[in-house]
> 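My structure is below; once you've seen it, I'll send some questions.
Residue numbers begin at 1 in each chain, while the letters A, B, ... track the order of the sequences.
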Amino acid sequence: MANISITLPDGSIKQFDTEPTVLQVAESIGSRLAKDTLGGQINDASEVIDLRTKLPDGTRLKIVTKGSTESLEVVRHSSAHLMAQAVQQLWPEVKVTIGPVIDDGFFYDFDSPFAFTPEDLIKIEKKMNFLLKKNEVVSKEVWSKEKAIQTFSEMDENFKVEIIKDLGEDEVSVYRQGDWFDLCRGPHVQKMGQIKAIKVLHTAGAYWRGDEKNPQLQRIYATAFNSKQELDEYLHLLEEAKKRDHRKLSKDLGMVYHHPFAPGAPFFTEKGTIVYNELQSYLKSCYLKYGYSEVITPQIFDHQLYEKSGHAANYAENIYTTHVHERNFSVKPMNCPGHCLLYGATKKSYRDLPWRIADFGRLHRKEKSGALHGLTRVTTFCQDDAHIFCRMDQLMTEIKSFMTFLNEVYQQLGMSNYKIYLSTRPENRMGSDDVWDQSEAALEKALKELNLEYTVNPGDGAFYGPKLDIMFVDALKRPWQLGTLQCDFNMPEAFQLKYVGEDNSAHQPVMLHRAILGSFERFIGVYLEHTAGRLPCWLAPVQVVLMNITSQHSDYCKELESQLLSRGVRVHFDSRNEKLGFKVREAQLQQIPYMVTVGDKEVENKSVTVRLLNGKTHGGYAADEFINNIVSEVKNRELNSFFEK
RNA sequence: GCCCAUGUGGCUCAGUGGUAGAGCACACCCUUGGUAAGGGUGAGGUCGAGAGUUCGAUUCUCUCCAUGGGCACCA
């Protein structure tokens with residue numbers, strides 16, 4: 001008597017006498033499908049459930065089969081168990097904790113009396129592959145909480161015991177493969193042989209339950225894929241990412257230098273400074289258009305400023321403070337408090353708003369030593385920072401203008417792939433709900449009117465206001481947070497900022513913190529990784545390299561050089577007594593956009609032969625035309641070469 | 001800050017309990033060569049810093065600094 005119905009994606013309905021498992025549904029359709037089943041998705045949820053899960057009447061089921069993207073989650077989950085099994089077979093004294101699936105793989109945290117060496121990782125991978133061949137069946141058992149606690153206690157798996165005790169359930173599930181088992185919610189594969197390709201990657205220290213007060217565990221990162229080919233592709237991608245690492249690129253391209261005497265504080269060389277300054281002047285040119293004024297504010301303030309702003313209470317450990325002449329002075333970690341002082345310097349009318357001030361001030365923040373990273377996490381940096389003080393009713397227009405500005409910049413830089421996140425009011429917050437309502441609504445309305453897609457992160461806003469975060473997705477599909485727009489009701493209050501309204505009484509402005517690139521340091525790092533160092537001509541430290549074939553062509557090169565220089569083009573004449581191939585190689589490695597070769601032909605008819613970074617050469621180009629084209633390409637900050645149009 | 005690893009000429013990296021080597025870069029010489037490395041010679045290093053063990057330490061141990069992989073942090 002069939003009284004349980006399961007609906008499949010095609011709309012067909014399967015009937016069962018008792019609640020079937022995902023696998024049983026698959027079996028009722030076909031044995032081939034059953035064999036390939038790795039899990040299920042129910043009622044349109046994205047979560048993948050275990051194939052052994054019983055389905056209640058009326059469930060809509062989508063079966064997850066091998067080879068699918070969804071199945072990766074299951075495969076990786078089981079791979080984590082496989083890794084734990086391998087580790088415990090190799091070293092029975094190592095205790096297990098947890099092993100979740102992450103974006104590109106999985107990890108397992110072990111409580112081990114010793115640290116795993118690279119050789120150990122090789123052993124583990126070998127053991128895993130050995131165990132895979134045994135193709136053990138994975139079975140699920142449901143234990144009472146007491147039995148689970150007792151069993152794991154006897155095994156001295158105290159971290160597991162802690163997890164079980166913290167679970168609110170009376171029963172827990174345990175997955176078994178051969179003689180090894182682990183407490184787990186699933187989902188898992190049917191047989192270990194369904195894991196097709198694994199790779200143990202690296203180790204790391206990690207705190208138990210992510211809390212630095214807890215003991216530190218040994219984490220092993222690994223990944224698994226549905227085929228050897230997919231794994232190889234992933235490993236290849238890792239290699240590519242390594243080549244694009246901005247720390248390597250910025251060094252190889254001679255842009256950035258680090259010295260142990262200035263940890264976390266990069267030097268920008270002559271070349272790096274060109275990129276930095278070009279970006280800055282580009283933004284300055286936009287500021288004119290978008291109604292910003294630039295200001296310069298002090299580097300060091302009496303610490304009282306940060307007591308007033310509230311940073312002393314929440315952010316003191318990141319502020320460099322020193323005691324001089326009986327006073328505490330702090331190096332500014334952000335521009336906003338200084339800008340509030342400047343706001344208060346003159347009496348403001350509603351007519352003065354919106355007041356938009358930009359500041360390229362250098363900031364310093366003390367960071368914990370382990371936090372530093374190349375150009376993306378530094379102790380000193382310069383934001384493309386600006387603050388907008390406006391009336392509540394101007395908020396939406398300002399937000400729209402900012403998003404338009406940001407989009408213009410990102411398009412110009414070839415960064416069209418970005419995502420917008422709207423973070424709304426957190427539990428602990430300041431300001432009235434009315435103000436939060438208005439500002440959240442303004443943010444949403446602005447995005448909608450601009451037809452921009454966005455994701456809401458409920459409760460993720462700052463305590464002082466809601467915000468937009470812009471995540472740029474680079475050429476390797478990696479997300480980076482660069483731009484931001486934050487509403488702030490706190491600082492205007494802390495500094496008692498006012499303007500005189502039309503009604504002749506005092507009102508408090510809203511303050512907007514905003515940045516498009518974030519910081520030049522971080523941006524240059526991200527942009528180098530995005531472009532793999534191949535910068536558009538207007539940003540390239542050297543735009544043209546002139547290469548003479550023999551010394552007889554020197555004079556013509558010098559003539560070209562001075563013409564280019566007089567038109568503001570950054571040109572380098574490689575006059576060395578070297579073969580052309582050698583000069584080309586170096587210019588290519590330095591990613592110089594225009595490699596100009598000059599020999600008899602060129603001297604004779606006042607032309608140039610141009611090689612682009614893609615290896616293509618364009619011969620017999622009139623020198624005048626070439627120069628004019630470059631000048632206009634740079635002036636317009638074009639993304640691509642005029643040859644590629 | 002925590003766990004682990006690493007630190008050798010400007011760069012990339014070998015190597016050793018008896019005070020160091022290559023390639024590139026650099027200097028000089030030869031080579032005048034049409035699109036990713038022509039040849040020769042030479043100079044250049046207290047082997048990250050300090051302490052310890054040792055007859056002797058770049059090598060072993062410890063501490064510190066920096067960097068890297070993560071964790072934690074990033075009002």
> Under the 6.0 Å and 45° cation-pi test, does A/Arg76 pair with A/Phe225?
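Flagged: A/Arg76 positioned over aromatic ring of A/Phe225.
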
> Touch check for A/Gly615, heavy atoms < 4.0 angstrom, all strands: base, sugar-phosphate only, or nothing?
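Since no nucleic acid heavy atom lies under 4.0 Å of A/Gly615, the category is nothing.
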
> B/rC73 base to A/Arg377 side chain: any donor-acceptor pair below 3.5 Å?
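Under the 3.5 Å cut-off, the side chain and the base do form a donor-acceptor pair.
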
> Check every atom of B/rG34, B/rC11, B/rG68 against the side chain of A/Asp600 and return the nucleotide holding the closest atom.
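Among the listed nucleotides, the one closest to the side chain of A/Asp600 is B/rG34.
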
> Looking only at the side chain of A/Glu212 (C-beta and beyond, no hydrogens), which of the listed nucleotides B/rA72, B/rU67, B/rU12 gets closest?
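Closest nucleotide to the A/Glu212 side chain: B/rA72.
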
> Taking the side chain of A/Tyr315 as heavy atoms from C-beta outward, which of B/rG69, B/rA75, B/rA72 is closest to it?
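Shortest atom-to-atom distance from the side chain points to B/rA75.
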
> Within the structure shown, what part of the strands sits under 4.0 Å from A/Ala371 by heavy-atom distance: base, sugar-phosphate, or nothing?
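Base contact.
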
> Look at all strands and tell whether A/Gly599 reaches a base, only sugar-phosphate, or nothing, counting heavy atoms closer than 4.0 Å.
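Result for A/Gly599 = base.
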
> Is there a side-chain contact between A/Arg585 and the phosphate of B/rG38, meaning an N or O under 4.0 Å from OP1 or OP2?
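Checking B/rG38 against A/Arg585, no side-chain N or O comes under 4.0 Å of OP1 or OP2.
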
> Quick one: the side chain of A/Thr550 and the base of B/rG33, do they pair up donor-acceptor inside 3.5 Å?
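In this structure, the two groups form no donor-acceptor pair.
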
> Do A/Trp480 and A/Asp474 pair up side chain to side chain, a donor and an acceptor below 3.5 Å, judged on atom types alone?
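Yes, A/Asp474 and A/Trp480 have a side-chain donor paired with an acceptor closer than 3.5 Å.
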
> Begin from the C-alpha positions of A/Phe110 and A/Tyr108 and carry the test ring-ring contact (aromatic ring centres under 6.0 Å, His included) through to its verdict.
CA-CA 6 Å; A/Phe110 296 98; A/Tyr108 207 107; 4.9 Å; yes

> So does A/Arg365 reach the base of B/rA75 with its side chain, donor to acceptor, closer than 3.5 Å?
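For A/Arg365, whose side chain was compared with the base of B/rA75, there is no donor-acceptor pair (under 3.5 Å).
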
> Is there, by distance only and without an angle test, a donor paired with an acceptor across the side chain of A/Tyr207 and the base of B/rG70 below 3.5 Å?
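Under the 3.5 Å cut-off, the side chain and the base do not form any donor-acceptor pair.
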
> Which of the following nucleotides, B/rA75, B/rA36, B/rG70, is nearest to the side chain of A/Tyr221?
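Nearest to the side-chain atoms of A/Tyr221, counting from C-beta on, is B/rG70.
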
> Under 3.5 Å, is there a donor-acceptor pair linking the side chains of A/Asn328 and A/Thr321?
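A/Thr321 and A/Asn328 do not have a side-chain donor-acceptor pair below 3.5 Å.
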
> Given the structure, check if the side chain of A/Thr617 and the base of B/rU35 hold any donor-acceptor pair shorter than 3.5 Å.
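No, the side chain and the base share no sub-3.5 Å donor-acceptor pair.
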
> Between A/His373 and B/rG69, is there a side-chain N or O to OP1/OP2 distance below 4.0 Å?
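Yes, A/His373 has a side-chain N/O under 4.0 Å of OP1/OP2 on B/rG69.
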
> Within the modelled atom types, does a donor on one side and an acceptor on the other bring the side chain of A/Glu602 and the base of B/rG34 under 3.5 Å apart?
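Yes, a donor-acceptor pair under 3.5 Å.
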
> Determine the interatomic distance between P on B/rU19 and the same-named atom on B/rC47; round to the nearest Å.
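It works out to 13 Å between them.
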
> Choosing from B/rG38, B/rA75, B/rU35, which nucleotide comes nearest the side chain of A/Tyr464?
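Of the candidates, B/rA75 comes closest.
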
> Classify A/Thr117 by what it touches in the nucleic acid, base, sugar-phosphate, or nothing, heavy-atom distance under 4.0 Å.
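It contacts nothing in the nucleic acid.
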
> Is the cationic atom of A/Arg219 (NZ for Lys, CZ for Arg) positioned less than 6.0 Å from the six-membered ring centroid of A/Phe107 and within 45 degrees of its normal?
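Cation-pi check for A/Arg219 and A/Phe107: passes.
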
